Peer 1: 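Please find one structure pasted underneath; my questions will follow.
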Amino acid sequence: MSKYIYSLIVFLLMLSGTASSQDSLRSFKPTGIRVGAETIGLIKSLAGSKAGGKELFADMDLGRYFLAVEVGESFRNLTIKDGTYSNEGRYLRLGADVNFLKKDPDRNMFFLGFRYGRAVYREQLDYVYNTGFGTVNMDIDQQQVKSGWLELTTGLRVRVVKFFWMGYTARLKFGSSVPDESPIAPYEIPGYGLTFKKPWWGFSYYMMFRIPLRKDKALSPAEK
Amino acid sequence: MKPSGWLIVFALLTLNSCFEQGDCQDQTSNRITFEFISSSTNKPSEIAIDSVTVSGVDKTFYKGEKASRIILPLTPGSSNTELKIYRPLGNISLNISYLERSTLLDPACGARVLFTLKEVSFTGSASKVQIIKSLISSVQETHVKIYL
């Protein structure tokens, strides 16, 4: 995990280097908070799929930097050879994004950023194990499993009408950690995905509302 | 680096992860291999065996055979297995404690159990028992040596 954290620090230093050279101290006071919901998991859940979830999103601007938080829950039920597997849990991602469209008058956003994710989840595995001298029914339920991971993110946020926004986040997920001696080797981490996919990717599509916190000074003609 | 440069790096890393797929390769086994070692020569030694029993398994193994290695099953759903080796020169009882971990390889492949030896204790006519390899993955490897 430490090599990933080191790489992430280098990545962030490089990002902040490209950003700070053109940043003025214009304003690091937040002008608004965007809150929204992830739609792909929600549609899967509503469609009665065997996997799905809900995720809420919020971010807040500090100049061209955005603090982001994503909170969600997910579930998966699988029929496997000789048994069943189920997973349900909650996750939290915290991170920051850097906006590269800083002169857009509508505050549309193309960003790069990072997240640190944590999940708490439950896994159940029920299957028939063939020992070679008979079969044994393995029925295992492990609760309060904890995992963490890192993400590099990129995406867009577009203002559709006055307060309504849409956008997506593409994620490169890596550095996942799982317990070493749990009765089930974790198969899936909510918010991350399959544990043996390293690195792994993800895609979230959000619908959001922006709540203004203060009146934003319009960009000057020179800045435009 | 320009934003477009970062995007290309990101896309390449993502593409790499797309090609990394799980498979059905099973690296697990519930068979543990014991090797009999002569304490005087420190070399494998063939011994006469009347029979071997394993707790939880309704079968007798190696009945009236001679062997320097024996392969026996561990009992899943339990944290230990008891083995009894009956032989003309004195019986040996072994208590094997282990960690078992179920692993779902893939929905189509199903789940397997991975056994890791924690401790082997013994009573009877052996001088020493030693764990050589704690992860049980192949019967070709020796997991426990029994010194006689």
Side-chain angles (χ1 to χ4, degrees), chain A residues 11 14-15 17-19 76 78-85 87 98-101 110-112 123 125-140 142 152-154 170-174 179-188 193-203, chain B residues 1-31 54-61 71-79 81 98-116 118 139:
Chain A
F11 172 76
M14 292 170 85
L15 264 190
T18 60
R76 182 179 297 278
L78 291 174
T79 301
I80 65 169
K81 186 185 174 190
D82 299 330
T84 58
Y85 167 84
N87 178 313
V98 182
N99 182 14
F100 286 89
L101 299 182
F110 162 70
F111 66 89
L112 293 173
E123 289 184 298
L125 186 57
D126 185 2
Y127 67 102
V128 176
Y129 180 69
N130 190 340
T131 65
F133 302 96
T135 57
V136 176
N137 190 44
M138 304 289 283
D139 187 1
I140 311 162
Q142 66 179 13
L152 294 179
T153 55
T154 187
R171 312 165 187 282
L172 181 69
K173 309 174 188 187
F174 57 98
D180 288 333
E181 295 197 348
S182 52
I184 305 171
Y187 179 71
E188 180 171 349
L194 302 177
T195 53
F196 54 87
K197 304 278 191 181
K198 293 177 181 178
W200 188 224
W201 60 276
F203 186 83
Chain B
M1 190 186 286
K2 289 181 179 176
S4 57
W6 285 112
L7 274 183
I8 290 167
V9 171
F10 190 88
L12 287 174
L13 287 169
T14 305
L15 199 62
N16 170 53
S17 69
C18 288
F19 290 109
E20 193 182 308
Q21 300 294 325
D23 55 41
C24 282
Q25 275 196 335
D26 183 8
Q27 303 285 331
T28 68
S29 170
N30 70 326
R31 311 294 173 87
V54 179
S55 61
V57 178
D58 189 21
K59 186 182 174 184
T60 303
F61 300 88
I71 300 167
L72 298 163
L74 292 173
T75 314
S78 168
S79 60
T81 296
Y98 46 86
L99 181 77
E100 62 168 35
R101 201 169 196 223
S102 289
T103 304
L104 175 56
L105 302 175
D106 184 89
C109 308
R112 301 286 185 274
V113 184
L114 186 66
F115 293 91
T116 307
K118 286 167 72 181
V139 294

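None of the values given here were measured: they were computed from a predicted structure. Residue numbers begin at 1 in each chain, while the letters A, B, ... track the order of the sequences.
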Peer 1: Which bit of B:A108 comes within less than 4.5 Å of chain A, counting heavy atoms only: side chain, backbone, both or neither?
Peer 2: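 The backbone, not the side chain.
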Peer 1: Please look at B:V113 and chain A and tell me whether the side chain, the backbone, both or neither of the residue comes under 4.5 angstrom of a heavy atom of that chain.
Peer 2: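 It is both, since atoms from each part get that close.
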Peer 1: Looking at A:Y187 and B:D106, what are the two nearest heavy atoms and their distance?
Peer 2: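 Shortest heavy-atom separation between A:Y187 and B:D106 comes out as OH-CA, 4.3 Å.
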Peer 1: As an exercise: rank B:R31, B:E100, B:R112 by heavy-atom pairs under 4.5 Å with chain A and give me the winner.
Peer 2: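 It is B:R31.
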Peer 1: Give the intermediate values and the outcome of side chain to side chain donor-acceptor pair (under 3.5 Å) for residues B:S102 and A:Y127.
Peer 2: CA-CA 10 Å; B:S102 289; A:Y127 67 102; 2.7 Å; yes
Peer 1: For A:I140, is it the side chain, the backbone, both, or neither that has a heavy atom closer than 4.5 Å to a heavy atom of chain B?
Peer 2: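 Looking at A:I140, just its side chain touches chain B.
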Peer 1: Is it the backbone or the side chain of A:S182 that comes under 4.5 Å from a heavy atom of chain B, or both, or neither?
Peer 2: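 Contact with chain B involves both backbone and side-chain atoms of A:S182.
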Peer 1: Can you list the steps and then say if B:C109 with A:K81 is a side chain to side chain contact (heavy atoms under 4.5 Å, CB included)?
Peer 2: CA-CA 6 Å; B:C109 308; A:K81 186 185 174 190; 5.9 Å; no
Peer 1: Identify which part of A:Q142 has an atom lying under 4.5 Å from any heavy atom of chain B, answering side chain, backbone, both or neither.
Peer 2: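 No part of A:Q142 comes within 4.5 Å of chain B.
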Peer 1: How long is the gap from CD on A:E188 to CG on B:L104, to the nearest 0.5 Å?
Peer 2: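 So the CD of A:E188 and the CG of B:L104 are separated by 10.0 Å.
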Peer 1: Which of the residues A:V136, A:N130, A:T131 is involved in the greatest number of heavy-atom pairs with chain B at under 4.5 angstrom?
Peer 2: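 Winner by heavy-atom pair count: A:T131.
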Peer 1: Grab the two heavy atoms, one from A:M138 and one from B:P76, that are nearest each other, plus how far apart they are.
Peer 2: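 Smallest heavy-atom distance, with atoms named: SD-CB, 4.0 Å.
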Peer 1: Heavy-atom distances under 4.5 Å only: say whether A:D180 touches chain B with side chain, backbone, both or neither.
Peer 2: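 For A:D180, the contact with chain B is made by the backbone alone.
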Peer 1: Against chain A, label B:L99 side chain, backbone, both or neither, depending on which of its atoms sit under 4.5 Å from a heavy atom there.
Peer 2: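 The side chain, not the backbone.
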Peer 1: Can you list everything that forms a side chain to side chain contact (heavy atoms under 4.5 Å, CB included) with B:S78? Sequence neighbours excluded, please.
Peer 2: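 For B:S78 the side chain to side chain contact (heavy atoms under 4.5 Å, CB included) partners, ignoring immediate neighbours, are B:Y98.
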